[in-house]
Amino acid sequence: MKKLMTGNEAFAYGAYLSGVRVGAAYPGTPSTEIMDNFSRYPGVFAEWSPNEKVALDVAIGSAYAGTRALACMKHVGLNVAADSLFYAVYTGLKGGLVIVCADDPGMHSSQNEQDNRNYARFAKLPMLEPSDSEEAKQYVGIALEMSEMFDTPVLVRTVTRLSHSSTPVEMSDEGPPQPPEEPSFYERNPQKFVMVPANARHRHPVIEEKILKLGKYSDQTPINRIEPGDDNIGIIAAGATYQYAREVFPNATFLKLGMVYPLPDELIREFASRVKTVVIIEELDPFFEEHIRLMGIEVKGKDVFPLIGEFSPALIRKCCVDAGLIEASVAPEAAAASSAAAAALPIRPPILCPGCGHRGLFTVLREAGVLVLGDIGCYTLGYAPPLSAMHTTGCMGASIGVAHGIAKAGVKDQIVSVLGDSTFFHSGIHPLINVLYNESDVTTIITDNSVTAMTGHQQHPGTGITLQGKTTKKTDIETLVRSIGYDKLDVVDPYDMDKLADVLQDHLKSGKPSVIIAKRACVLHTKERKTPPVIDTEECTNCGTCLDLGCSPLVQEEDYVTIDPINCNGCGLCVQVCPAEAIKQEA
Amino acid sequence: MKKIDFLMAGVGGQGTILASNILAEVGLELGYDVKKAEVHGMAQRGGTVESHVRWGEKVYAPMAELGDVDYLIGFEMLEAGRWPAWLRKDAVVVVNRYRIPPPTVNLGKAKYPKEEEIDSLLKNAASKVLWVNGTDAAKEVGNPATIGVVLLGALSTLLGGDENVWLSVVERMVPPKFLEMNKNAFYAGRKLA
Ligand SMILES: Cc1ncc(C[n+]2csc(CCOP(=O)(O)OP(=O)(O)O)c2C)c(N)n1
């Protein structure tokens, strides 16, 4: 029987079927739903770790103990976990370890567009890349076998389109293998697992030899294969891009790569000698292209296709038409004309939801005119007009360190750093300690909406609930911050904008390092809703103050503003800001 | 088996994802190879969302190509207007007559296009453009959130064939306590086309 599954659902299903019993991840679009789905299978342990490095260490530990393990993260998550990735390659493991990491070409929801295939070469471990959900399911199993056969972690790469597209998956009649009845003894082998220089030096040649052996394996494995067709154009492609390319070249000869590192050199030579023109279609970096050019093979690649952005069948077709590889099918002028007309329509960037507590905070920060060093989460949307109250965002956890650095550099502005609760647990604690230790007067605002909202409402250490729904010890942010030495701390509801503004001024004037916890649960998560206020259109002076909240239910009509009750959450922020008192809310 | 590409366009939070899931499952029930693509993440926060559903004998890519979409289902007027270049000459468009002004409009930096402007953009590209008061119909059956199922109802009329295939999928995919309302939404939508 076949079932439609997203790539992420299929990764989870494949892991379950292959006997993975421990999974650890930190959420990150487009990878989040892998662990979410995995956690619901019977007999498995799955957790949201505070960050990706912890997640990978947890998975490595389980694999050391002989249990098959899975770690998942988005592409930038692997930057956070990179230190652990590198040592795990050196030590190897006992049970299979698969790391699924999700790239985001086109940056649908990311701060950069890095191509994580480079990590495979950099850290010296194999990488597989499925092209649809069925392969996503299968490749997790193949990766685990490879991991155990070669004593190495294995990376499985996905991209947004694979993770979030649904394609049919063959359902298995058999469940996963039975877990062992007795707990096994941990095999103590310090020469292999303690990476002091003396031991690590012995491990490095082992890794280099392994990569050579994996190259041979890459030549043999059926997931790398020549798909015969018309030999005039021979296409090399992998992953989601393979499917786009197939759409444009249904009849060409393909070298379909399922294992993208190490590459199958012999197979590539055989393919190149068979086809007239080799065309490499790969998103982002010229990862295949550089390797294959170094082999002395002439190819078309980044001279035809862009280095930047997400591919699609439409884009590949256009590039190939421009390069004279195929004939145009849609009249280009017609398409261009209607695209231009549509491009003139107003854009619709994402904004804070109606009822979001972050809106109150950023309204206060804008009015205060402070310099805001930001971080990553829903609250990053506070940068966008009309709130316009965030001035830097780099990566998770950067806000406090950047604020401290700016303070040390000496600027006239009053500065605050802003980060979310999940971001605080991810990587906010160390820089917060640093502000005390190295003495700056940074005020840090933790926007505590009691959930990891941006990625779809995951639990974290501050919620007291685990991924698998268990009630657990809750780490209270206020207690934690006081315990590291902050004595200036206030907890304020960001719906109460007057109070928040007063507290902010008090903190800024104090000249002390301080913390404000802006605490208001995410309304999208709690589904809390009050009766929408109504605007008295007679009293409305059309001054636009309420529109500066950037709240979508507030609609500008010809001579006044109205509230769309379908979208409105009833939070009442607009009632607070209206200078004409024209917005009325039932008590 | 002729391929059919659908594109659903709307605003985050309008329920395009559930609707495209249902549409994909209907395709499977009818014996097609099916693929579906959408982007979550930032888009959920009130941004533009697009969802591609492709039915065919054999489908490779999960997203359709420019100039090759057979049916466009616009959950919101402005969002429907973005896709003319993606439509086939013989494409059919269903647009929900419902406005969610984007922030740029509310800040006075841009103008929300008039219904006639969107209509002519789409009419220039497609063979048929059907405007429906879907959100009103959804409110009438009890919840504006059923707009997706209302629009699927309209689409099912346009596609023809057995409505029970659709209803059985809706039954499978909607929580039991909302089933009655969603069935009503589907029937209300069928009457709009
Ligand atoms: C290293 C890294 N991991 C994961 C992400 C994805 N990500 C972006 S924001 C975010 C969570 C933000 O949660 P929180 O700090 O609680 O803010 P909220 O969205 O709830 O306002 C995550 C996981 C990322 N950008 N970088």
Side-chain angles (χ1 to χ4, degrees), chain A residues 2 4 29-30 33 108-110 132 160-161 164-168 240 242-247 250 312-314 317-318 329-331 334-339 341-342 345-353 378 381 384-386 454-456 524 544 547-548 550 552 554-556 561 564 566-567, chain B residues 11-13 20-21 24-25 27-28 33-48 52-53 58-68 78-79 81-87 99-113 117-118 121 124-125 135 139 144:
Chain A
K2 283 194 172 170
L4 272 181
T29 313
E33 302 81 9
H108 295 284
S109 21
S110 304
D132 61 17
T160 303
R161 283 296 165 181
H164 286 171
S165 293
S166 299
T167 68
Y242 163 82
Q243 303 288 356
Y244 313 155
R246 262 286 173 220
E247 200 71 51
S312 65
R317 192 180 298 282
K318 181 176 182 307
S329 57
V330 189
S338 41
S339 296
L345 295 174
I347 56 160
R348 189 189 298 278
I351 52 169
L352 294 173
C353 304
C378 286
L381 295 170
M454 177 91 267
T455 42
L524 203 62
L547 297 176
D548 284 340
S552 60
L554 290 161
V555 178
Q556 174 77 69
V561 176
D564 175 357
I566 294 183
N567 280 324
Chain B
V11 176
S20 63
N21 283 343
E25 292 288 339
L28 271 195
D33 186 20
V34 174
K35 289 194 176 177
K36 183 187 75 122
E38 69 215 350
V39 175
H40 323 192
M42 296 289 280
Q44 282 176 343
R45 305 287 170 264
T48 291
H52 299 234
V53 178
K58 168 80 192 144
V59 181
Y60 292 108
M63 67 275 235
E65 283 201 60
L66 274 169
D68 207 27
L78 169 60
E79 293 312 317
R82 298 192 196 281
W83 304 99
W86 288 71
L87 303 177
R99 282 172 22 139
I100 305 177
T104 42
V105 168
N106 277 339
L107 290 171
K109 297 227 170 67
K111 260 202 139 57
Y112 196 97
E117 290 170 297
I118 294 171
L121 266 177
N124 284 338
T135 300
K139 269 191 251 175

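A, B, ... follow the sequence lines: proteins, then strands. Residue 1 opens every chain.
- Taking all atoms of both residues into account, the shortest heavy-atom contact from Ala37(B) to Arg161(A) is CB-NH1, 3.7 Å.
- Neither the backbone nor the side chain of Glu117(B) comes within contact range of chain A; no heavy atoms are under 4.5 Å apart.
- Taking CD of Gln556(A) as the reference point, atom NZ of Lys111(B) lies at 10.0 Å (rounded to 0.5 Å).
- Highest contact tally toward chain A, considering only Leu78(B), Asn21(B), Val105(B), is held by Leu78(B) [criterion: heavy-atom pairs under 4.5 Å].
- For Pro30(A), no part lies near chain B; criterion is any non-hydrogen pair under 4.5 Å.
- When heavy atoms are compared at a cutoff of 4.5 Å, Thr135(B) approaches chain A solely by way of its side chain, counted from C-beta outward.
- The two residues Leu28(B) and Leu4(A) make their nearest non-hydrogen contact at CD1-CG, 3.6 Å.
- Nearest approach of Ile566(A) to Lys139(B), heavy atoms of both residues: CD1-CE, 3.6 Å.
- For Asn106(B), the parts lying near chain A are the backbone and the side chain together; criterion is any non-hydrogen pair under 4.5 Å.
- With sequence neighbours left out, the salt bridge (charged side-chain N to carboxylate O under 4.0 Å, His left out) criterion links Glu247(A) to Arg54(B).
- When every heavy atom of Ile347(A) is checked against every heavy atom of Thr104(B), the shortest pair comes out as O-OG1, 3.5 Å.
- Counting heavy-atom pairs under 4.5 Å between each of His52(B), Glu65(B), Lys109(B), Lys58(B) and chain A puts Glu65(B) at the top.
- What you find for Pro101(B) and Val555(A) is that their closest heavy atoms are CG-CG1, 3.6 Å.
- For the atom pair OG of Ser165(A) and NZ of Lys36(B), the computed distance is 8.0 Å after rounding to the nearest 0.5 Å.
- Listed for the Asp564(A) side chain is no donor-acceptor partner under 3.5 Å among the backbone atoms of Ile100(B).
- Minimum interatomic distance between Gly81(B) and Ala342(A) (heavy atoms only, all atoms of both residues): O-CB, 3.7 Å.
- At a 4.5 Å heavy-atom cutoff, Ala125(B) makes no contact with chain A through either its backbone or its side chain.
- Scanning for salt bridge (charged side-chain N to carboxylate O under 4.0 Å, His left out) contacts around Arg348(A) gives Glu76(B), Glu79(B), with sequence neighbours left out.
- Between chain B and the residues Ser552(A), Ala314(A), Ala384(A), the largest count of heavy-atom pairs under 4.5 Å involves Ala314(A).
- Note that CE of Met63(B) and CD of Gln243(A) are 11.0 Å apart. Values are rounded to the nearest 0.5 Å.
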